[in-house]
Amino acid sequence: MIQALRGTRDILPEEIGYWQLIEDTVREILGRAVYQEIRAPIFEQTALFERGIGEATDVVGKEMYTFNSKGGNKSITLRPEGTAGVVRAYIENKLHAQGGVQRLWYTGPMFRYERPQAGRQRQFHQVGLELLGCAAPRGDAEVIALAIDILQALGLKDLKLDINSVGNQEDRTKYRQVLVDYLEPYKNDLDEDSKDRLTRSPLRILDSKDTKTQEIAQNAPKIIDSLSPESKKHFDIVLQLLTDLNIEYQINHCLVRGLDYYTHTAFEIKSNDLGAQATVCGGGRYDGLVKELGGPETQAVGWAIGMERLVILLQKLSSNPINTPDLYLVSRGEAAEAQSLLLAQQLRQTGLAVELDLSGSAFGKQFKRGNRSGAVACLVLGDAEAENNTVNLKWLASGEQQAIAQKDLLAMTEELKTKIIKLKGFD
RNA sequence: GCGGGCGUAGCCAAGUGGUUAAGGCAGUGGUUUGUGGUACCACCAUUCGCGGGUUCAACUCCCGUCGUCCGCCCCA
């Protein structure tokens with residue numbers, strides 16, 4: 001048997017309601033803030049990610065699905081994240097020429113070659129947002145506020161917002177040296193991975209999970225003390241705006257994100273219910289990326305939410321919103337079966353959800369299925385009804401039923417809908 | 001790439017060396033051939049992920065392999 005590849009999976013109907021709920025919520029909330037959806041390709045030239053994300057990062061170094069294009073010598077990569085592609089599209093389509101800011105969002109699959117574990121897949125899905133052409137701290141705060149809005153609208157609580165500033169390029173270079181000077185004496189107490197990072201990317205030592213390393217990192221000089229006055233001011237304003245918005249946060253001096261393009265604000269929204277992969281939403285400012293990829297100097301800020309992780313959280317909160325029929329249409333006999341589809345279609349066109357039993361089995365069996373389908377009423381179409389173009393409408397809760405002409409039924413669908421809404425007990 | 005747990009029906013599982021592999025849910029048929037939700041009855045794994053080995057005897061022990069889950073690394 002051919003199975004789905006490791007790290008990929010099918011999202012089945014029993015789960016799809018959560019996905020649709022997330023997508024609907026995102027569309028609504030971002031729509032109100034007048035963000036526009038953008039759809040970029042799922043594969044791009046490898047160089048885009050190498051330059052955008054950074055050659056030294058793990059994502060580029062060991063996690064990309066890269067292959068050669070058929071017949072060509074072009075190296076192609078399945079996107080491991082969304083920002084690089086959106087920025088490429090922004091530059092290529094000269095969206096910057098429209099002046100002002102561009103507010104964009106996207107959703108879709110991403111690909112990273114990693115060992116699957118809780119909340120991590122090789123093909124996974126993100127919804128992300130990019131605010132391009134805005135240097136102001138208000139941009140950082142708007143973007144964070146929207147992420148919180150989405151998560152709250154979905155009913156999630158107990159989420160924590162961690163925030164930090166990694167400053168601009170010079171701030172980081174300066175801090176890097178300060179940090180290395182501090183860590184050097186403790187070199188032998190660090191875990192193996194962190195020893196390696198001491199030269200490659202010392203900032204990442206800060207968020208090591210090794211307890212010994214964490215203790216050392218706790219007392220390390222803080223990056224915000226190395227920030228230039230302008231960088232510090234930017235960060236302070238962002239924090240003040242969050243406070244004004246009534247958004248709780250905590251400064252996490254050890255928060256440094258893994259992609260090279262981040263500058264200034266970096267943040268993560270985490271949950272305790274996700275196992276080792278606690279981050280539901282991660283993002284920050286990336287003022288240098290557009291220029292790095294060949295566009296004009298453009299400041300920007302954005303985030304990405306991991307859909308799988310969000311679905312895991314939603315599953316703990318509520319049951320899957322399921323698409324159930326309003327009416328279940330039961331039919332038996334040649335003429336009745338012939339009429340049944342037409343009647344179902346006519347009813348569907350009025351806005352009712354009608355499930356048609358196609359089995360042709362005994363009425364008893366069809367009713368049993370109708371009962372389980374979640375419908376509030378069955379429509380019964382047998383030989384007698386077919387003969388005089390009527391149908392039996394049977395309310396399942398009360399058991400009462402009435403014969404009614406098919407055309408009369410079609411004329412009273414509005415009435416039916418209000419009754420069904422009442423019986424279903426929700427919209 | 002490294003470390004650990006687990007693979008018995010569509011799902012949840014019991015069985016841990018000895019003739020026919022519990023049970024529950026779901027499904028199908030029936031009691032009820034034009035009326036459901038309850039109840040009762042019947043059917044539903046020649047086989048325990050796969051391959052090899054040990055043994056008179058393997059779902060059970062051993063080796064390998066594949067899959068899956070959890071963790072490290074990294075990230076959403």
Side-chain angles (χ1 to χ4, degrees), chain A residues 1-7 9 12 14 53 56-64 79-83 107-129 147 191-194 196-197 201 204 207-210 255-259 262 267-271 274-284 302-313 328 330-333 336 357 359 361-386 392-401 403:
Chain A
M1 189 187 63
I2 297 175
Q3 300 174 300
L5 289 166
R6 170 177 293 164
R9 58 188 208 103
L12 299 173
E14 62 183 31
I53 300 169
T57 60
D58 281 21
V59 170
V60 171
K62 57 183 201 193
E63 294 174 3
M64 294 206 301
R79 63 182 184 197
E81 57 97 52
T83 301
T107 184
M110 308 292 163
F111 305 85
R112 291 183 199 170
Y113 187 86
E114 299 182 273
R115 277 297 275 278
Q117 82 187 58
R120 180 205 284 165
Q121 297 284 121
R122 288 183 175 177
Q123 174 176 335
F124 63 104
H125 299 77
Q126 291 184 333
V127 42
L129 163 163
D191 60 283
E192 287 307 310
D193 291 316
S194 294
D196 288 349
R197 295 203 202 105
S201 62
R204 294 254 304 283
D207 65 352
S208 167
K209 279 183 191 166
D210 184 85
L255 173 60
V256 286
R257 301 189 40 76
L259 311 184
Y262 286 109
F267 67 91
E268 289 182 355
I269 300 172
K270 301 185 191 185
S271 164
L274 284 172
Q277 312 301 323
T279 305
V280 195
C281 173
W303 48 249
I305 287 174
M307 297 276 275
E308 279 80 0
R309 292 181 189 177
L310 202 43
V311 169
I312 290 169
L313 294 177
Y328 192 89
V330 153
S331 60
R332 189 160 162 81
D357 192 309
S359 67
S361 51
F363 275 117
K365 295 296 167 193
Q366 296 197 49
F367 269 93
K368 197 170 214 154
R369 283 191 282 268
N371 201 49
R372 286 189 186 174
S373 73
V376 291
C378 276
L379 289 170
V380 190
L381 192 47
D383 295 332
E385 290 80 7
N392 253 13
L393 173 60
K394 174 165 181 174
W395 298 96
L396 288 170
S398 64
E400 62 184 87
Q401 62 179 322

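Numbered from 1 within each chain, the chains take letters A, B, ... in sequence-line order.
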- [ ] Measure from the side-chain N and O atoms of A:T107 to the backbone N and O of A:Q126, and report whether any donor-acceptor pair falls under 3.5 Å.
- [x]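 Such a contact is found between A:T107 side chain and A:Q126 backbone.
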Base, sugar-phosphate, or nothing for [X], non-hydrogen atoms under 4.0 angstrom?
X	answer
A:Q277	base
A:E81	nothing
A:A362	nothing
A:G283	nothing
A:G370	nothing
A:R115	base
A:R204	sugar-phosphate
A:E385	base
A:V280	sugar-phosphate
A:G333	nothing
A:C281	sugar-phosphate

If you check every side-chain atom of [X], which of [options] has the closest atom?
X	options	answer
A:K368	B:G36, B:C72, B:G34	B:G36
A:A276	B:G34, B:U68, B:G71	B:G71
A:A384	B:A76, B:G34, B:G36	B:G34
A:R112	B:U35, B:C75, B:G71	B:C75
A:R332	B:G1, B:G67, B:U33	B:U33
A:K365	B:G29, B:G1, B:G36	B:G29
A:R6	B:G67, B:A76, B:G71	B:G67
A:V380	B:U35, B:G71, B:A76	B:U35

Please state whether the phosphate of [N], meaning OP1 or OP2, lies under 4.0 angstrom from any side-chain nitrogen or oxygen of [X].
X	N	result
A:R369	B:G27	no
A:R309	B:A76	no
A:Q117	B:G71	yes
A:K394	B:G36	no
A:R372	B:G36	no

Task: Rounded distance in Å - CD (A:E268) to P (B:C75) - done: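 Value for this atom pair: 9 Å.
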Task: Interatomic distance, A:D58 CG vs B:C75 P [rounded to whole Å] - done: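 Atom CG in A:D58 sits about 6 Å away from atom P in B:C75.
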So how far is it from [X] [atom1] to [Y] [atom2], rounded to the nearest 0.5 Å?
X	Y	atom1	atom2	answer
A:I269	A:R309	CD1	CZ	13.0 Å
A:R6	A:Y113	CZ	OH	7.5 Å
A:E114	A:E63	CD	CD	4.0 Å
A:E81	A:T57	CD	OG1	9.5 Å
A:R332	A:D357	CZ	CG	10.5 Å

Any strand: nucleotide that pairs with [N] via Watson-Crick or wobble, under 3.5 Å:
N	answer
B:U33	none
B:U65	B:G49
B:U28	B:A42
B:C72	B:G1
B:U55	none

Quote, to the nearest angstrom, the [atom1] distance that separates [N] from [M].
N	M	atom1	value
B:G24	B:U31	C1'	23 Å
B:C25	B:U38	P	11 Å
B:U8	B:A58	C1'	14 Å
B:U47	B:A39	C1'	33 Å

Open item on the list: Do A:H125 and A:V311 make a side-chain contact, defined as non-hydrogen atoms from C-beta onward lying under 4.5 Å apart?
Closed with: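 Contact flag for A:H125/A:V311 side chains = no.
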Open item on the list: Just so I know, are the side chains of A:D210 and A:S194 near enough to count as touching, which here means a heavy-atom distance under 4.5 Å?
Closed with: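 In short, these two side chains do not touch, never coming nearer than 4.5 Å.
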Open item on the list: Can you tell me if A:F363 is stacked onto the base of B:U35, using a 5.5 Å centroid cut-off and an angle below 30°?
Closed with: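 No.
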Open item on the list: For B:G49, does the base pair up with any side-chain atom of A:Q3 as donor and acceptor (N or O, under 3.5 Å, distance only)?
Closed with: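 Check fails, no donor-acceptor contact within cut-off.
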Task: Donor-acceptor pair (no angle test) under 3.5 Å: A:Q401 side chain, B:U35 base - done: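 Flag set: donor-acceptor pair detected.
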Open item on the list: If you assign each of A:M307 and A:S398 to its closest nucleotide in RNA chain B, which residue comes earlier from the 5' end?
Closed with: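 Nearest-nucleotide comparison on RNA chain B picks A:S398.
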Open item on the list: Quick check: on RNA chain B, is the nucleotide nearest A:T279 upstream (toward 5') of the one nearest A:F367, or the reverse? Name the residue that is more 5'.
Closed with: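 Its nearest nucleotide being more 5', the pick is A:F367.
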